[in-house]
Amino acid sequence: MKQQHHHHHHHHTSNSNTNGSSYHQHHQHHHNHNQHKSSTSTSKSSMLFLYAVVTVISVCCYLNSLNGDFVHDDIPAISLNPDVIGTTSFSQMCKNDFWGTPMSDVNSHKSYRPLTVFTFRFNNWLFGLHPFWFHFANVVLHALCSGLFTRIAFVIAGLQIQFAALAGAMFASHPIHTEAVAGIVGRADVLACFFFILSFLTYHDYKWRCNRRIFISCAFAGASLLAKETGMTVLIVNLLYDAYNSWSSIKRAITEWKCNDESILFCKRVAILSIVIIILITLRLALLQGNLPKFSNQDNPAAHHPLLTVRFLTYSYLTAFNFWLLLFPFTLSHDWQMGSIPLITNLLDHRNAFTCLFLIFCCWTVYRILADFEHPRSAPIIVGFLFLVMPFLPASNLLFTVGFVVAERVLYIPSMGMILLVVYGGQILSHKVTVVFQKNWPITISFTILLVLFVCKTMHRNMDWKSRESLIRSGLQVVPNNAKMHYNWANYLREKGQEELSIRHYEEALRLWPTYASAYNNLGTLMKSPIQAESHFLSAIKYSPNHVNAHYNLGQVYRKMNQTEMAIIMLKKCLQLNANYISAYILLAKLYDGNTAGNLLKYVVKLHPTNANYFAYYAHWLHQHHRLHEAVFYYKKALNVCATHENSVTGLAHVFRDMGYLWRLRQLFDRLKMSRETRDESSRRNNGDGDGDGALIGDDTRLRLATWDRYKQGQETMFSKTYDRDRDRRNANIFSCNTVELRPVFLPNENDEMKTSAMSTSPDDLPSSFDVAADNGYINSG
């Protein structure tokens with residue numbers, strides 16, 4: 001039979017190219033005969049039914065996730081991302097990272113995933129920022145991945161048809177996937193997995209015949225890389241599995257000291273893949289533009305520990321912990337940072353025993369692969385091991401530091417490997433049970449129970465991703481020692497008006513993480529006494545010297561304490577950290593006299609030429625200083641931005657009254673009436689009366705701005721709470737803590753007279769709406 005096989009192979013080689021057309025024939029040689037017979041005897045209709053069943057299971061598991069809201073990282077990555085909502089050009093989108101920050105920015109997260117961002121943008125173009133359709137797209141992609149993985153289990157790994165179906169069903173319902181599927185930003189992992197599988201199948205599935213299959217496989221690998229960085233590992237997986245399938249010809253060429261046709265073709269495929277890998281790695285490194293992403297201590301505590309042994313022991317345990325989550329995914333959380341998993345500081349820590357057990361499993365698997373390397377039955381083990389290990393390595397912290405300790409969505413692709421190993425073990429056990437007891441029902445019942453548990457856990461876990469409240473509540477139950485979880489819950493309680501309970505959770509966050517600068521800052525905003533507030537803001541600056549919000553809030557405290565000079569010093573430091581910090585300019589305008597205040601407001605207008613509020617602020621200042629014609633000009637510019645801007649309409653009416661243009665007042669009052677009716681109608685839509693589309697892109701977006709968890713995974717960034725519908729996150733130009741060099745502050749006409757005493761006039765020169773920060777004048781961190 002082997003002679004016939006090779007005769008057919010050489011005949012086919014003469015009509016093929018280096019892309020590996022003959023590779024399928026040799027690939028078949030390494031499939032066991034039972035699998036080959038089953039694949040040829042199984043009808044196409046049966047296979048389609050198999051794929052349909054797996055697809056239905058995958059969809060049913062996530063039906064209750066379709067009505068979820070934008071939560072957690074969905075807010076900065078989607079609803080506030082200018083690349084998604086379409087305020088940037090397509091070319092600029094290709095230059096930005098996953099969060100909408102230019103890759104050239106020193107504070108960029110450096111996660112380059114333009115293909116995923118494009119799908120978000122396409123979602124928004126078709127249906128607007130409606131969470132349902134974003135969730136729907138995730139579920140469809142997950143269903144496609146489940147069906148394609150079933151084909152891998154049957155055709156490539158060679159599992160029996162019933163066990164291939166079991167593998168597909170387990171992948172479709174595995175609870176570890178809820179973060180990747182129910183969490184919208186998890187689409188990066190699902191989309192990368194989709195192209196990962198296509199690349200692998202195009203390369204290795206002998207039924208997917210194509211003359212250019214190697215190049216097409218590399219193209220799919222490139223698409224997987226553009227969806228998420230770990231997708232590129234499929235090239236290494238393809239190369240290693242190709243080496244396994246070509247081992248007989250490679251071994252023969254080595255022993256005979258003579259190259260044969262198969263070994264030559266293998267070398268050509270290796271050369272092609274190696275060149276593609278080098279090109280993709282070079283391009284990816286070039287995108288870093290000389291700056292590596294910066295991760296804080298709270299993101300990845302082990303990375304900042306000075307002892308190598310502590311880092312090694314902790315990362316080894318974290319690898320074993322991820323393995324455990326794949327085996328028993330019943331303790332899940334959307335966040336594992338800030339003390340959730342304490343560092344392993346000595347060899348006597350009992351968790352090291354679990355790490356050793358995991359190491360034994362890895363060594364045993366490698367031994368089985370090497371011992372049976374030339375036997376066709378190794379295919380499921382090799383495919384499973386490669387799928388489990390290679391895609392996980394970039395996220396393991398063992399090769400380079402990443403911005404998290406555990407992130408469940410990065411296990412989406414590695415889970416395929418774990419499932420193949422488990423199901424293949426079940427298939428072997430099934431054969432032994434059948435031989436001994438002449439029946440197979442124990443294995444059938446066991447896997448049925450496991451599958452039912454997976455489905456139930458997944459559907460229950462989906463409910464945690466329904467809203468911000470449910471997600472944080474579930475996180476607090478799973479990782480109560482996570483300081484960030486208490487901090488986020490305190491933020492939520494503060495926004496709901498439960499200030500006393502909020503203070504307790506801020507204090508608990510500080511007990512768990514004593515250097516939590518943002519917790520000090522937000523706790524300070526709740527203090528009734530300026531002295532207490534000052535103490536908390538100073539602590540925030542102590543532990544994070546570049547905390548821009550804390551500097552601004554301290555300026556507010558000194559203003560309330562009539563320490564105007566100290567207030568101005570703090571605000572100047574705030575602007576040194578972030579030259580576009582609008583709230584600081586506006587507060588400085590209230591602390592300066594003369595033209596300086598006006599010039600500051602004019603500069604704010606220059607920074608944000610699409611914000612009607614800032615035009616109105618400057619126009620009001622002009623009105624107060626009797627520059628009526630200029631005030632009219634800027635009020636009209638505000639109305640050009642927003643035709644129903646109520647402050648501009650009333651302000652313009654006051655100017656016309658002072659100018660004696662009484663005949664124009666009626667027109668303005670009509671406009672004011674119309675703007676209020678429009679606002680009331682928008683409010684009704686927000687409350688559910690009407691179709692709600694307008695609310696989704698208007699006031700509801702502002703509501704999300706006020707409530708979202710602004711902490712981007714892997715990067716500590718302080719955001720201002722000065723928001724409106726015309727402003728996007730990029731305009732903020734916020735800098736990360738401890739990464740910014742101070743620079744001179746731009747203060748127009750700074751030599752003008754400065755107020756030497758506290759602001760005592762009432763009302764201020766500026767309207768009450770001029771304070772764009774929180775009600776108490778402070779700005780909270782996300």
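Note that the numbering runs from 1 along the sequence shown for the chain.
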### Message
Counting the benzene-type ring for Trp, do Tyr492 and Trp489 have ring centres under 6.0 Å apart?
### Response
yes

### Query
Going by the angle between their ring planes, with limits at 30° and 60°, are His177 and His174 parallel, tilted or perpendicular?
tilted

### Task
Please determine if Arg468 and Asp69 form a salt bridge, counting it only when a charged side-chain N lies under 4.0 Å from a carboxylate O.
no

### Electrostatic pair Arg461-Glu179, nearest N-O below 4.0 angstrom
no

### Task
Return the orientation label for the Trp133 and Phe136 ring planes: parallel under 30°, perpendicular over 60°, tilted otherwise.
perpendicular

### Message
Angle between ring planes, Tyr241 versus Phe200, binned at 30° and 60°: parallel, tilted or perpendicular?
### Response
tilted

### Message
Taking salt bridge (Lys or Arg N to Asp or Glu O under 4.0 Å) as the cut-off, I'd like each qualifying pair that reaches into residues 154-177, sequence neighbours left out, listed once.
### Response
none

### Task
Step through it carefully: locate the ring centre of Phe196, locate the ring centre of Phe387, and say whether they are under 6.0 Å apart.
yes

### Query
Which heavy atom in Cys218 sits nearest to a heavy atom in Val276, and how many Å separate them?
SG-CG2, 3.9 Å

### Query
Do side-chain atoms of Asn138 reach the backbone of Val181 as a donor and acceptor pair under 3.5 angstrom?
yes

### Message
Quick one: does any side-chain atom of Thr233 pair with a main-chain N or O of Thr230 as donor and acceptor, under 3.5 Å?
### Response
yes

### Task
May I ask you to decide if Asn64's main-chain N or O and Asn462's side chain share a donor-acceptor pair within less than 3.5 Å?
no

### Summary
Taken to the nearest 0.5 Å, the spacing of Leu148 CG from Thr55 OG1 works out to 9.0 Å

### Query
Is a side-chain donor or acceptor of His142 paired with a backbone partner of Ala172 at a separation under 3.5 angstrom?
yes

## Note on the structure
Of Ile156, Leu388, Val383, the one forming a side-chain contact (heavy atoms from CB on, under 4.5 Å) with Leu420 is Val383

### Query
Hey, is the main chain of Ser173 close enough, under 3.5 Å, to the side chain of Thr458 for a donor-acceptor pair?
yes

#### Entry: Distance in Å, Leu225 CG paired with Phe220 CZ, rounded so as to fall on 0.5 Å steps
15.0 Å

### Task
Quick one: pull up CD1 in Ile184 and CG in Asp74 and give me the separation to the nearest 0.5 Å.
4.5 Å

### Query
With a 4.5 Å heavy-atom cut-off, do Phe321 and Thr355 have their side chains touching?
no

### Task
Determine, step by step, whether Asn322 and Glu408 satisfy the side-chain contact (heavy atoms from CB on, under 4.5 Å) criterion, reporting the C-alpha distance in whole Å, the side-chain angles of both residues, the deciding distance to 0.1 Å, and the verdict.
CA-CA 8 Å; Asn322 279 277; Glu408 292 163 12; over 6 Å; no

### Query
Do Asp97 and Lys110 meet the salt-bridge criterion of a basic N to acidic O distance under 4.0 Å?
no

### N/O donor-acceptor pair under 3.5 Å between Ser217 side chain and Ser199 backbone
yes

### Task
Just do the side-chain contact (heavy atoms from CB on, under 4.5 Å) check on Tyr62 and His135 with the steps written out, would you?
CA-CA 9 Å; Tyr62 289 96; His135 285 291; over 6 Å; no

#### Entry: Polar side-chain atom of Ser340 near backbone of Gln337 as donor-acceptor pair, under 3.5 Å
yes

### Query
Relative to the ring of Trp465, is the ring of His72 parallel (under 30°), tilted (30 to 60°) or perpendicular (over 60°)?
perpendicular

### Query
Is Asn482 reaching over with its side chain to a backbone N or O of Lys484, donor-acceptor style, under 3.5 angstrom?
yes

### Query
Would you call the rings of Phe171 and Tyr412 parallel, tilted or perpendicular, where under 30° means parallel and over 60° means perpendicular?
perpendicular

### Task
Determine, using ring centers only, whether Trp324 and Phe354 are less than 6.0 Å apart.
yes

#### Entry: Pair Asp73 + Arg409, salt bridge at N-O below 4.0 Å
yes

### Message
Which label fits Phe134 and Phe120: parallel for a plane angle under 30°, tilted from 30 to 60°, or perpendicular past 60°?
### Response
tilted

### Query
Taking atom CD1 of Ile216 and atom OG1 of Thr202, what is their separation to the nearest 0.5 Å?
6.5 Å

### Query
Is the shortest heavy-atom distance from the side chain of Leu280 to the side chain of Leu235 under 4.5 Å?
yes

### Task
Can you sort out the partners of Leu166 under side chain to side chain contact (heavy atoms under 4.5 Å, CB included), two or more places apart, ordered by chain and number?
Phe163, Met170, Val423, Phe447

#### Entry: More than 12 heavy atoms of other groups within 6.0 Å of Phe49 CZ
no

